Structure formats: C-alpha cells, structure tokens
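Take a look at the structure set out below.
Everything quoted here is computed from the prediction, not taken from an experiment. These numbers come from the heavy atoms of this one structure, side chains and all, not from hydrogens, waters or symmetry mates. Position 1 is the first residue of the sequence, and the numbers go up from there.
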Amino acid sequence: MGFFGPVSRFNDFKDDFVKDTGKNAADDMQLYAQYVSARFADLNHRILNNLSTEIQELQKILKKV
C-alpha cells in the first residue's frame with residue numbers, strides 16, 4: 001500500500017493552467033482558484049478510489065486466510 005497523498009504541486013499547476021486556458025494565473029485568480037480546486041478534487045478522488053480498490057483486494061486476501 002502506498003503513501004496516501006503526493007507532494008503538493010500547487011505552483012506547478014500554474015504551467016498547466018497556462019497550457020489549458022491560455023491565460024496567466026495572475027491575470028485571472030478566480031479562474032485559477034477554481035482550476036486548482038478542481039485539480040485537488042480530482043486528485044482526492046483518485047486517492048480514495050485507489051484506497052477503496054486496495055481495501056477490496058485486502059478483503060479478498062483476508063477471506064482466504
């Protein structure tokens with residue numbers, strides 16, 4: 001089982017934001033805040049989904065014991 005959360009990439013999102021929207025983060029902070037919130041929500045969903053899958057696999061192993 002892996003670590004529950006990766007290192008924060010808040011500042012790295014600025015480059016992705018420019019690629020995705022064509023805007024500078026400093027020019028539209030409201031949109032950038034929404035973008036970062038959506039990225040964190042997606043990340044949290046992935047972590048919880050992976051954790052759920054690992055728990056299900058662990059249950060299968062425990063049933064065999």
Exercise for review: Only counting residues at least two apart or in another chain, list the ones meeting side-chain contact (heavy atoms from CB on, under 4.5 Å) with Asn50.
Suggested key: none
Point to revise | Interatomic spacing from CG in Leu62 to CD1 in Ile55 - rounded to 0.5 Å | key: 11.0 Å
Exercise for review: Say whether Met29 and Val18 are linked into one hydrophobic cluster, either directly or through other cluster members, by side-chain heavy-atom distances under 4.5 angstrom.
Suggested key: no
Revision key, fill the gap. CD (Glu54) and CG (Asn49) are apart, to the nearest 0.5 Å, by 10.5 Å
**Study point:** Set of residues satisfying side-chain contact (heavy atoms from CB on, under 4.5 Å) with respect to Gln34, sequence neighbours excluded
**Key:** Gln30, Leu31
Below 3.5 Å, can you tabulate the donor-acceptor pairs from side chains in residues 35-43 to any protein atom, sequence neighbours excluded?
residue, atom, partner, partner atom, Å
Tyr35, OH, Asp20, OD2, 2.6
Tyr35, OH, Arg39, NH1, 2.9
Ser37, OG, Ala33, O, 3.0
Arg39, NH1, Asp16, OD2, 3.2
Arg39, NH2, Asp16, OD2, 3.4
Asp42, OD2, Arg46, NE, 3.0
Asp42, OD2, Arg46, NH2, 3.0

Check your understanding: What is the distance from atom CG of Asp28 to atom CZ of Phe17, rounded to the nearest 0.5 Å?
Key -> 5.5 Å
